[in-house]
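Read the numbers this way: they start at 1 and go in the same order the structure lists the ligands and their atoms. Values below: every heavy atom of this structure, side chains too, minus hydrogens, waters and symmetry copies. Just so it is clear, the model here is predicted, and its values are computed rather than measured.
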Amino acid sequence: MRITFCCIDTESEPWLQGLQNALPQAHISLWRSGDAPADYAVVWAPPQALFDQQPQLKAAFNIGAGVDALLALQIPASTQLVRLDDAGMSVQMAEYVCHALIRHMREFDLFEADTRALAWSPREPLARADFPVGILGLGVLGARVAQTVAQFEFPVSGWSRSPKHIAGVQCFSGAQELDRFLAGTRVLVNLLPLTPETEDILNHHSLSRLHRGAYLINIARGRHLVEEDLLALLDSGQVAGATLDVFRTEPLPAGHPFWTHPRITVTPHTAALTLRSESIAQIVGKILALERGEPVAGVVDLARGY
Ligand code: NAP
Ligand code: GLV
């Protein structure tokens with residue numbers, strides 16, 4: 001079996017070594033133009049040339065959850081696209097969201113300012129009931145985040161394409177229920193995949209439907225957010241603040257207004273990182289299953305775009 005590895009911005013040697021250790025009989029190498037035909041590819045934002053030159057690939061394994069960069073390419077219909085299915089990401093997303101949510105709701109930024117001012121300033125408690133959390137996307141990551149936030153006794157709702165039933169989470173689905181979902185939300189968490197249907201979904205219309213003084217946590221893709229709409233709604237007071245992990249241009253350019261906005265926290269696309277050993281174990285397990293002719297989880301539906 002031949003496996004080709006083609007991942008930009010990734011230190012390849014530990015991946016090649018880890019894959020080789022797990023599959024000692026396989027021939028595993030870094031992709032180079034003109035290579036012999038491979039059975040499988042392990043990819044992150046590969047060039048079109050990989051698929052043009054390797055049309056026989058049985059599957060390409062994306063070493064991330066989001067496949068928007070891959071779907072911009074022409075990929076042979078016979079090559080299955082498989083994305084990471086959690087592989088240690090959902091717990092990171094749950095940590096990230098709980099941190100941002102609790103920091104906001106418990107006013108930790110104000111206490112940090114008080115510390116710097118040497119001020120002992122107790123505050124009245126705020127009620128969790130006044131901070132209903134709404135999660136856009138109830139897939140592998142969104143469902144875990146929703147369940148974790150519910151354990152902190154915040155009211156939690158979620159929105160997905162197909163109807164869901166998750167204990168402790170009020171579930172909405174479909175375009176017709178989006179406004180009702182938004183109207184019940186104060187802290188909005190975005191965990192949707194980027195598709196033609198979801199691009200620009202965080203815009204003046206949707207963010208204006210939230211409770212006044214809303215808070216946005218965008219951890220999916222930068223192209224979900226219309227950046228100038230967020231800035232205008234922060235100015236008007238409709239949105240109180242935002243924690244943003246993803247941006248239309250990454251790295252976030254120097255001089256971008258998000259860097260210095262007093263009510264925006266920026267993190268560098270780090271909400272849930274790909275964990276190498278968990279990912280290698282998952283990919284190798286799926287390669288072995290495919291070789292046995294068994295179906296695997298995480299196959300991308302090209303028509304849906306995720
Ligand atoms: P997933 O399992 O595919 O879940 C996607 C969810 O979005 C599903 O619940 C799906 O509904 C819903 N959805 C998709 N299109 C929709 C639409 N048009 N209307 C309503 N709901 C829609 O994906 P995941 O593994 O949770 O990952 C989500 C995204 O997180 C990734 O695509 C990636 O962009 C992002 N991500 C970011 C980071 C980071 O570090 N910032 C790390 C990993 C992933 P159904 O359940 O009905 O299909
Ligand atoms: C990261 O953004 C991913 O999609 O895994």
* To do: Could you please spell out the steps behind the side chain to side chain donor-acceptor pair (under 3.5 Å) verdict for Thr267 and Tyr96?
  => CA-CA 10 Å; Thr267 56; Tyr96 186 101; 2.6 Å; yes
* Asked: Would you say Arg221 has any N or O atom under 3.5 Å from an N or O of ligand 2, going by distance alone?
  -> yes
* If you measure every N/O of Gly137 against every N/O of ligand 1, is any gap under 3.5 Å? -> no
* Asked: Hey, is CZ on Arg304 packed in by over 12 heavy atoms from elsewhere, all under 6.0 Å?
  -> yes
* Asked: Is there a nitrogen or oxygen of Ile219 sitting under 3.5 Å from a nitrogen or oxygen of ligand 1?
  -> yes
* Hey, is Gln92 one of the residues with a heavy atom under 4.0 angstrom from ligand 1? -> no
* To do: Write out the residue and atom name of the closest protein heavy atom to atom 48 (O) of ligand 1, then the distance separating them to 0.1 Å.
  => Tyr306 OH, 2.5 Å
* For atom 2 (O) of ligand 2, what is the nearest protein heavy atom, given as residue, atom name and distance? -> His269 NE2, 2.6 Å
* Structure fact -> In ligand 1, the atoms that come under 4.0 Å of a heavy atom of Met89 are 43 (C)
* **Aromatic Phe111 / basic Arg123 pairing, under 6.0 angstrom, 45° off normal** => yes
* To do: Consider ligand 1: state whether an atom of it lies below 4.0 angstrom from any non-hydrogen atom of Thr195.
  => no
* **Other residues, nucleotides, ligands: >12 heavy atoms within 6.0 Å of Glu294 CD** => yes
* Do me a favour and list the nearest non-hydrogen protein atom to atom 5 (O) of ligand 2 with residue, atom name and distance? => Ala65 N, 2.7 Å
* For Phe131, is the NZ or CZ atom of Arg128 found under 6.0 angstrom from the centre of its six-membered ring and inside 45 degrees of the ring axis? -> no
* When only distance counts, is Leu273 in polar contact with ligand 1, meaning an N/O pair under 3.5 Å? -> no
* Structure fact -> Heavy-atom proximity to atom 34 (O) of ligand 1, picking from His269, Arg223, His224, Arg221, points to Arg221
* To do: Nearest heavy atom to atom 13 (N) of ligand 1 wins, so pick from Val140, Asp301, Thr274, Leu192.
  => Leu192
* Enclosure of Glu153 CD (heavy-atom neighbours >12, cutoff 6.0 Å) -> no
* **Co-membership, hydrophobic cluster, residues Val145 and Tyr215, 4.5 Å side-chain** => yes
* Those atoms of ligand 1 less than 4.0 Å from some heavy atom in Lys164 -> 45 (P), 46 (O), 47 (O)
* Asked: For Thr270 and ligand 1, does the shortest N/O to N/O distance drop below 3.5 Å?
  -> no
* Trp159, any N or O under 3.5 Å of ligand 1 N or O -> no
* Asked: Based purely on interatomic distance, does Gly64 place a nitrogen or oxygen under 3.5 Å from a nitrogen or oxygen of ligand 2?
  -> no
* To do: Between Val67, Leu136, Leu191, Leu138, flag the one that comes closest to atom 30 (O) of ligand 1 by a heavy atom.
  => Leu191
* To do: State, to 0.1 Å, how close His224 and Leu194 come at their nearest heavy-atom pair, and which atoms those are.
  => NE2-CA, 3.5 Å
* Structure fact -> Closest heavy-atom pair, Ser279 versus Leu84, reported as atoms and distance to 0.1 Å, is OG-CD1, 3.4 Å
* Between Asp200 and Arg248, is the closest basic N to carboxylate O distance under 4.0 Å? -> yes
* Which of the ligand 1 atoms, numbered from 1, are nearer than 4.0 Å to a heavy atom of Val246 -> 41 (N)
* Whether over 12 other heavy atoms sit under 6.0 Å from Arg223 CZ -> no
* Asked: Using heavy atoms and a threshold below 4.0 Å, how should the contact between Asp245 and ligand 1 be classified: side chain, backbone, both, or neither?
  -> side chain
* Side-chain contact, heavy-atom cut-off 4.5 Å: Val97 with Ile135? -> no
